[in-house]
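First the structure, in the form of structure tokens, and then the observations on it.
Labels below follow one simple rule: chain letters A, B, ... track the order of the sequence lines, proteins then strands, and each chain is numbered from 1.
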Amino acid sequence: MAADRTLLLSLVEEFVSGLQDSKAKDTSKGVKDGQFTVLQLVEALGLSLTSSQPHTRARGVQLLSEVLQECYGDLTEREVEVLIAFYENRLKDHYVITPPVLRGLKALTKCTVLPPGSAVSMLRSLFQDVHVQSLMLAERACVYNMLINLMETREAELKGLGADFVFGFVQSMDGERDPRNLLLAFQIAKTIISRGYDLGKFTEELFEVTSCYFPIDFTPPPNDPHGITKEDLIQMLRAVLTGTPKFAEFLLPLIIEKLDSDVQSAKLDSLQTLTVCVSQYEHKDLAEFLEGLWVSIRREVFQTSSERIESACLAALTALTSCLSRSVLSSESEDCLSTFLDLVLKDCKHHLSEPDLKLVWPSAKLLQASCSASIRASHVITASVMPNIVEQYNSRTQVKDDRSCKVIAFIGMTCIVQRSFVNYDAVLNTWRQSQMVCLLMGCVCSLPPSVRIPQLDELLSELEEMSCTCTHTLSYTSAAKCFAGLINKSLQGALVLQVFNLSMDVTRKASRYSIVFFNPQVAKALLVRYHPLSTTLTDKLFSLLDNTDLGSMAADGFSLLMSDSADVLNRACHADVRIMYRQRFFSENSAKLVQGFNAAPQEKKPNYLKALSNIVNKLPKQVQVTELPALLSLLLEALSCPDGGVQLSTLSCLEPVLADPPAALIQQLEALVSRLLALTSSPAMDVRIASLRCIHALSRFPVLPFRAQVLRALARPLDDKKRLVRNEAVQARGEWYDGSC
Amino acid sequence: LVGGGAMSGGTRLENANPVIFQRSGERQLTASEEDDDVHDPIDDREIFDILSINDPEHPLSLEELNVVEQVRVKVDDAGSTVGVEFTPTIPHCSMATLIGLSIKVKLLRSLPDRFKIDVHITPGTHASEDAVNKQLADKERVAAALENSSLLEVVNQCLSTRSV
């Protein structure tokens with residue numbers, strides 16, 4: 001339409017000569033509204049575009065480019081073809097025109113209707129006619145975005161360029177400094193690698209043009225509006241460098257070099273990069289660098305002053321070992337995993353036997369890191385290391401050293417959880433198995449609750465199995481203790497119930513062992529932290545007091561329940577032990593116990609007495625004194641019980657009370673004294689001694705009616721066959737003589 | 001006052017084989033002593049320990065300060081005899097008698113009835129040793145001492161005034 005044409009011409013005039021930037025928008029609108037086409041615009045720009053003034057030409061191109069930026073989506077293929085030809089041509093023009101040309105081209109790269117061959121053509125022109133690094137920031141970004149756009153939509157075509165594409169890109173990027181542009185460039189590089197573009201003979205060039213930025217050293221300016229962080233750059237670059245095994249031969253030496261530098265962040269970046277790259281590599285990519293990598297990692301861990309570096313090293317080592325473990329063994333090739341582990345063992349193993357030097361812990365960590373990489377690795381390492389550790393443990397009376405505890409804990413746990421101790425007979429037989437669990441108990445149970453135990457469920461399951469089916473005493477007792485120690489600290493929610501149901505299921509166990517050890521141990525773990533489920537377990541134990549086979553052992557179980565645990569459930573091991581758990585238990589259960597006793601048939605009463613005395617015996621003295629009156633008749637009964645154990649625990653309960661006996665006791669004094677005297681003839685020397693002590697304790701109490709009787713009766717133990725008994729008798733009798741003063 | 005068997009002013013004594021008692025440290029417990037099945041015979045040390053019970057509230061414990069270290073004990077468990085020689089440093093014969101009586105009483109109370117107990121002054125260490133020994137052998141004298149606890153109080157007081 002003529003009016004439109006007039007409009008168009010005036011818009012062009014205003015933009016190009018009048019320098020009115022806003023006209024570009026109006027022009028775009030006109031194209032969009034269909035008032036004129038882009039090609040008509042080109043035509044209208046004819047004069048400007050052929051002006052002898054570069055700035056005029058630039059202005060003309062600029063108008064066109066701005067319109068294209070708005071309208072590229074509506075172009076036809078024919079239009080695009082023409083425009084591309086035009087723009088490619090303009091690339092050869094004066095440099096002042098290049099920026100708008102590139103913007104126009106960029107818009108065109110977004111066209112879905114790009115004719116076949118035009119992508120290649122554009123890039124060819126670009127690489128040929130433009131020196132990207134001479135451009136300003138925005139124009140360089142333009143170029144990168146062009147590449148990104150084309151790679152997205154015209155991959156196959158670009159691949160047709162072969163290695164020239166990569167070369168062209170490398171040249172474009174070389175020397176780039178702007179962080180935003182670098183992110184774009186890295187993205188392109190990443191795509192080249194991940195989409196399998198042919199690198200040809202430019203692999204090293206591509207590596208070098210990106211790796212020169214490694215490790216990233218970037219501090220964002222204050223109030224940076226773009227918000228690019230150092231981490232963004234690190235991650236993008238890392239994705240490039242680690243993206244292909246083809247880079248291995250270049251990357252690994254670089255990593256070693258940077259790892260050897262003094263800069264912490266460089267070390268860290270290297271290690272993290274290493275961890276990522278080996279997950280893509282095969283052993284042949286690593287082979288020639290293994291020793292160098294190991295030396296650096298080892299050095300860092302041995303000397304480390306930073307926890308971050310250390311854990312990065314260990315992660316890297318695990319990844320390395322894991323990579324090597326994936327290799328398939330063939331008869332010709334060397335077993336590289338084995339060779340590598342030999343290296344690790346050679347440098348670390350001997351330090352484990354030197355418990356006082358500071359390299360124990362680092363060595364242990366290194367071994368653990370490689371051990372946990374794979375089943376193969378764990379077998380090799382444990383086979384080599386465990387015999388030494390077990391031997392070392394045996395030769396020391398107390399494993400006080402927290403560090404070596406952890407050594408053993410981690411290596412041992414990895415072992416147990418991977419079931420190697422069950423299946424791998426060549427490595428560990430039953431005897432060793434029990435050693436292992438003892439160590440485990442000693443170590444794992446002394447860890448503070450903040451230490452998270454990996455694979456806890458499996459560990460608990462294994463331990464429970466072992467404690468209920470194993471017949472070797474040390475093994476099953478240690479397993480039970482270990483189990484108890486763990487659940488005391490870490491039991492939560494659903495796991496509680498699961499564990500609980502397991503331990504209640506008497507039928508599936510070698511029940512004797514279970515009742516004697518496992519149940520009370522588990523009950524205790526729960527009891528000491530006031531866990532409600534402990535009640536059900538202890539009720540079970542109470543109910544067994546009537547049982548013909550197990551009653552006596554159940555009574556013994558209460559001793560375990562109440563006693564101090566030297567090895568596992570105590571505060572020093574960071575166990576959750578509430579104060580007064582014994583008193584609580586006693587006050588909640590004493591009535592039940594008395595009732596049970598009263599209701600029990602005669603032959604079962606000793607079990608109740610034994611349980612009672614086991615419980616009361618462990619109460620703090622003040623509590624015993626307060627509680628005893630209620631249980632007095634029961635305790636007196638217990639003195640007549642034929643069971644030596646019951647007698648003994650009752651006597652030791654009574655002794656502190658007798659110095660200042662409560663009123664209830666005074667009424668029963670005669671009965672008490674006669675029973676005590678009777679016990680001075682017990683076949684067991686412990687009982688004789690304990691009863692003499694009780695008689696001694698009574699000496700301060702005015703008991704005139706008995707004096708003569710007691711003095712006479714005490715003459716006999718003066719001639720006891722055991723000196724220790726005689727000593728007690730001498731003292732007791734002496735007191736009874738003087739008491740009357 | 002050094003422990004061991006060296007008597008104070010030991011140049012007077014002519015005993016070729018002095019019995020040495022360890023004063024420092026308690027008697028060491030042996031495994032057989034804890035074994036229910038093994039019979040422990042009464043030995044010299046045991047008697048010595050009976051006499052040197054260290055209880056500040058016990059009236060006889062102050063013996064240790066003066067007398068007990070100078071005691072020599074011989075016991076024959078199978079023969080049911082025990083002999084105790086003591087060397088008093090206190091010159092008064094009444095004190096020596098009292099101390100001797102204390103020893104005897106203590107042994108009477110602490111040993112089985114079967115024992116024949118002989119307590120006397122170490123020969124050649126006291127001017128009136130015969131007189132003292134005679135009293136110590138006198139059953140009635142001893143019986144009176146056994147009954148009379150205030151006697152022991154006196155001994156105690158005398159000893160305490162002389163203690164270091």
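Residue A:Pro717: no heavy atom, backbone or side chain, is found under 4.5 Å from chain B. Only the side chain of B:Leu29 comes within contact range of chain A, with at least one heavy atom under 4.5 Å from a heavy atom of that chain. Both the backbone and the side chain of B:Glu33 have a heavy atom closer than 4.5 Å to some heavy atom of chain A. Looking at A:Arg716, neither its backbone nor its side chain comes within 4.5 Å of chain B, counting heavy atoms on both sides.
Within the 4.5 Å cutoff, the side chain of A:Thr650 has no heavy atoms near those of the A:Leu609 side chain.
Taking CG of A:Leu612 as the start and CG of A:Leu635 as the end, the distance is 5.5 Å to the nearest 0.5 Å.
A salt bridge is absent between A:Lys722 and B:Asp36; no separation between the charged side-chain nitrogens and carboxylate oxygens falls under 4.0 Å. Taking a cutoff of 4.0 Å between a charged side-chain nitrogen and a carboxylate oxygen, B:Asp49 and B:Arg45 qualify as a salt bridge.
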